[in-house]
There are 2 protein chains.
Amino acid sequence: MGRKRSAKPTSFDIAYRAGVSQPTVSRALRGSKSVSEATRLRIQEIARELNYSVDKNASSLRSQRSNTIALLFFEDPTPDGANINPFFLAMLGSITRATANRGLDLLISFQKMEDHWHTRYQDSHRADGLILLGYGDYTLYESRLKQLVASETEFVRWGSVRDDNIGATVGSDNVGAGRLAGEHLIAQGRRRIAFLGQADEHYPEFADRYRGLGAALEQASLPIDPLLQRDALSSEGDGRAAVQALLAAGVQFDAIFAASDLIAIGAMRALGEMGKNVPRDVAVIGFDDIPAASLTSPPLTTISQDLNSAGELLVESLLAGIEERPKPSKVIPAKLVVRGSTGG
Amino acid sequence: MGRKRSAKPTSFDIAYRAGVSQPTVSRALRGSKSVSEATRLRIQEIARELNYSVDKNASSLRSQRSNTIALLFFEDPTPDGANINPFFLAMLGSITRATANRGLDLLISFQKMEDHWHTRYQDSHRADGLILLGYGDYTLYESRLKQLVASETEFVRWGSVRDDNIGATVGSDNVGAGRLAGEHLIAQGRRRIAFLGQADEHYPEFADRYRGLGAALEQASLPIDPLLQRDALSSEGDGRAAVQALLAAGVQFDAIFAASDLIAIGAMRALGEMGKNVPRDVAVIGFDDIPAASLTSPPLTTISQDLNSAGELLVESLLAGIEERPKPSKVIPAKLVVRGSTGG
DNA sequence: AGGAATAAGGCATACGTATACCCAAATTAT
DNA sequence: ATAATTTGGGTATACGTATGCCTTATTCCT
């Protein structure tokens, strides 16, 4: 037999000792007001003594509510699949806190964007709702999102907040953040600001950031030169390549606004290799404020997204959907973090 | 009503359409051999049509098996609680993969080391077992581990593998890794190697690494100078302080073996500030190979732990415990990653 | 050919909780 | 004082699946 049969106590055991019925135990422990104070205290005391804990499966089965949220990471399939975007990893902390505060369990999965999510998580009652995290080509997963909507799966995702979003969306104020970055660089006397990142609508968040930069330039009556925009997806390699392309094209620039810190780091590295000094020759500003951002030399000026609010809002918004309450606002302001890479 | 009552299909619905009983459906879908091939295929087909998925709660309740594992991070309480050790974060990826491959769900929590884990996860049938991840003062949580053992909670933890471990433990070959580091530095002509990290038994993994370094020194007939060991816990600040202390004490050294990359990064920064060149004046080697390690200048030589094996072994070992099978081996070799910070 | 083994699946039930409904006693209202 | 509530809790049952125990055809063996 090996294993002890110490018979995990059930609500019946408690009921017996308390001299009440099982339903009363259930009610007492859930704080129903149709149990007297005295009885509740007695029951709670016994529960503590017996080291009782509600069986999650029975509870969820009966109540049709799992009090669990599934956090799903999806990204464009990477070759190794090992490295997760550090920004989302950081968000993990904030989301776990938000769920823990509400007594929710958090299920996580890194599986690629699939069309079976609603089956795997919602239909099977594993989770009451999904949080979707990931960059990636928007158009690629649009159809999946529609499927989720069609199957009435509750979900929220992190991304660019638009009026025509499919499903609930929470995200940073990317346009405002782009403007912040632009204004900062302009205030430093920079005039020719390169933007490294996809600027098309397949990557709405990046596009928003670029748009914000444009707004800042416009406000300062500076021209927007399309030659200064170079595609870069998210890796260091992309950033490096983009800088090399810029230099090879002979385009003049005195600043770089990278759509992510990884891109920025790659860019700085390429600049260094080409004999350019940061920030003297070229100021660099990134986005996300990943841990490595403060470790580069010079340390990277960047935009910091409010992760605490992010997790909180994602969870709150999801819960609101599940409980059919009105949803909270969904755009979160971002903050400029000035470090060495933009001078000063 | 607002919400659709599309009546999620149950095994009864399938049974009805297939003209069999509900138990047969259950058997068919679980692959019981007492259902004929033909019937099984028919049932699977219908299940697919109806978009059926087994209710996880009912299934777990009946079978008393949740097929879920809880991943718990514990660390010495940090002031903000926000930043998680990047090494463990990286391990998260490997563990999710290992669980996903086995069709297990993964529950995660960052809550501090508590004494209620068995209640919260195992007794409530949320999870079949726990994976514990975290550095921290061993003596602090020893009692908690004993409680887990006492409550017959299934768990594995990551750490220093000893014969007298409480509960199942999986970990890197820290002694071997320390030796690797030492041998590498010695091969580079270094003779006075400082060790930054706690070396006492409150931090067994660090102690093992120090021991490995000692072994390498001994083998090369070099003396072990206690003055060259300086405490450092895990942050950059610790690394920086340790280097400053070394310099202030006037101890000569031409290499540093830091017990973690964060410590190493802090040390490199301090060296830079003091006008010491890395690697010319002092070679530096870290531990963990966190993403930021390749971003420093010079890039950090470090020890890379085999994360894939780690996740796989943790999960396998836990599962073995749950299913009362013999457990696999538990010591994982580590690898030296040579970069610029140790020269050449 | 007749009994033994096997195959395929039905029947009944248990897992542990939450909740709709009901009922008696105590309280309040009129 | 009697009807109308309220309080506190009991009864019965449902949530959806998995499994032990039977039953009935088949197939097999000698």
Side-chain angles (χ1 to χ4, degrees), chain A residues 5-44 46-47 50-68 103 105 119 122-126 128, chain B residues 5-44 46-47 50-68 103 105 119 122-126 128:
Chain A
R5 287 281 150 263
S6 64
K8 187 176 79 70
T10 73
S11 49
F12 283 98
D13 298 314
I14 301 192
Y16 177 75
R17 303 202 190 209
V20 299
S21 70
Q22 177 271 329
T24 297
V25 172
S26 174
R27 285 192 272 253
L29 296 179
R30 319 198 75 244
S32 157
K33 64 178 191 117
S34 68
V35 169
S36 72
E37 177 81 3
T39 310
R40 174 159 26 97
L41 289 177
R42 188 155 38 96
I43 289 176
Q44 284 172 337
I46 297 177
L50 297 191
N51 230 305
Y52 169 81
S53 78
V54 175
D55 186 296
K56 184 71 183 321
N57 299 126
S59 168
S60 298
L61 173 59
R62 173 61 230 242
S63 66
Q64 300 291 54
R65 183 91 191 263
S66 66
N67 287 310
T68 300
D105 285 327
T119 302
Q122 178 132 325
D123 295 352
S124 68
H125 287 296
R126 275 174 170 77
D128 299 328
Chain B
R5 287 279 148 265
S6 63
K8 186 175 78 71
T10 72
S11 49
F12 283 98
D13 298 316
I14 301 192
Y16 178 75
R17 300 199 193 210
V20 297
S21 70
Q22 176 269 328
T24 297
V25 173
S26 173
R27 291 192 184 101
L29 296 179
R30 320 199 75 244
S32 158
K33 64 178 190 116
S34 67
V35 170
S36 73
E37 178 79 5
T39 310
R40 174 159 25 98
L41 289 177
R42 188 156 38 97
I43 288 177
Q44 284 172 338
I46 297 177
L50 297 191
N51 230 305
Y52 170 79
S53 78
V54 175
D55 186 296
K56 184 69 181 323
N57 300 127
S59 169
S60 298
L61 173 60
R62 173 61 231 239
S63 66
Q64 299 290 60
R65 181 90 192 261
S66 66
N67 286 311
T68 300
D105 286 327
T119 303
Q122 178 131 325
D123 294 353
S124 68
H125 287 294
R126 276 174 168 78
D128 299 328

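Just the heavy atoms: all of them, side chains too, but no hydrogens, waters or symmetry mates, feed the values below. A, B, ... follow the sequence lines: proteins, then strands. Residue 1 opens every chain.
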Across the strands shown, which category fits [X] at heavy-atom distances under 4.0 angstrom: base, sugar-phosphate, nothing?
| X | result |
| --- | --- |
| Val20(B) | sugar-phosphate |
| Gln64(A) | sugar-phosphate |
| Ser34(A) | base |
| Ser26(A) | base |
| Ser36(B) | sugar-phosphate |
| Thr39(A) | sugar-phosphate |

### Query
Out of dA18(C), dG16(D), dA18(D), which has the shortest distance to the side chain of Pro23(B)?
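Between dA18(C), dG16(D), dA18(D), the one nearest the side chain of Pro23(B) would be dA18(D).
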How long is the line joining [atom1] of [X] and [atom2] of [N], in whole Å?
| X | N | atom1 | atom2 | value |
| --- | --- | --- | --- | --- |
| Ile43(B) | dA8(C) | CD1 | P | 13 Å |
| Asn57(B) | dA14(D) | CG | P | 19 Å |
| Arg65(A) | dT17(C) | CZ | C1' | 16 Å |
| Ile14(B) | dG16(D) | CD1 | C1' | 12 Å |
| Asp123(A) | dT17(D) | CG | P | 12 Å |
| Tyr52(B) | dG16(D) | OH | P | 10 Å |
| Leu50(A) | dG16(C) | CG | P | 15 Å |
| His125(B) | dG16(D) | NE2 | P | 20 Å |

### Query
Are any of the side-chain heavy atoms of Ile43(A) and Thr24(A) separated by less than 4.5 Å?
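Ile43(A) reaches Thr24(A) side chain to side chain.
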### Message
Less than 4.5 Å apart, side chain to side chain, heavy atoms only: is that true for Tyr52(B) and Leu29(B)?
### Response
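Counting from C-beta outward, Tyr52(B) and Leu29(B) do come under 4.5 Å.
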### Query
Do Arg27(B) and dG20(D) have a side chain to base donor-acceptor pair shorter than 3.5 Å?
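Indeed, a donor on one side and an acceptor on the other fall under 3.5 Å apart.
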### Message
Once rounded to the nearest 0.5 Å, what's the spacing between atom CZ of Arg27(B) and atom CD of Gln22(B)?
### Response
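Output value for this atom pair is 9.0 Å.
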### Query
Looking just at side-chain N and O atoms, do Ser63(B) and Arg65(B) make a donor-acceptor pair shorter than 3.5 Å?
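Absent: no donor and acceptor within the cut-off.
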### Query
Taking atom types as modelled, is there a side-chain donor on Lys56(B) or Ser66(A) under 3.5 Å from an acceptor on the other?
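Looking only at side-chain atoms, Ser66(A) and Lys56(B) do not form any donor-acceptor pair under 3.5 Å.
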Using a cut-off of less than 4.0 Å, is there contact between a side-chain N or O of [X] and OP1 or OP2 of [N]?
| X | N | answer |
| --- | --- | --- |
| Ser59(B) | dA18(D) | yes |
| Ser21(A) | dG9(D) | no |
| Arg30(A) | dT19(C) | yes |

### Message
Quick check on DNA chain C: between Ser63(B) and Gln22(B), whose nearest nucleotide comes earlier from the 5' end?
### Response
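Per heavy-atom nearest nucleotide, the more 5' residue is Gln22(B).
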### Query
So which one's nearest nucleotide on DNA chain C is more toward 5', Glu37(B) or Leu61(A)?
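Nearest nucleotide further toward 5': that of Glu37(B).
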### Task
Name the residue closer to the 5' end of DNA chain D, choosing between Phe12(A) and Val35(A) according to the nucleotide with the nearest heavy atom.
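Here Val35(A) is the residue nearer the 5' end.
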### 5' precedence on DNA chain D between Thr24(B) and Asp55(B) (nearest-nucleotide basis)
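Comparing both residues, the 5'-ward one is Asp55(B).
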### Message
Counting only heavy atoms not in Arg17(A) (residues, nucleotides, ligands), do more than 12 fall under 6.0 Å from its CZ?
### Response
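No, CZ of Arg17(A) has 12 or fewer neighbouring heavy atoms, counting only those of other groups under 6.0 Å.
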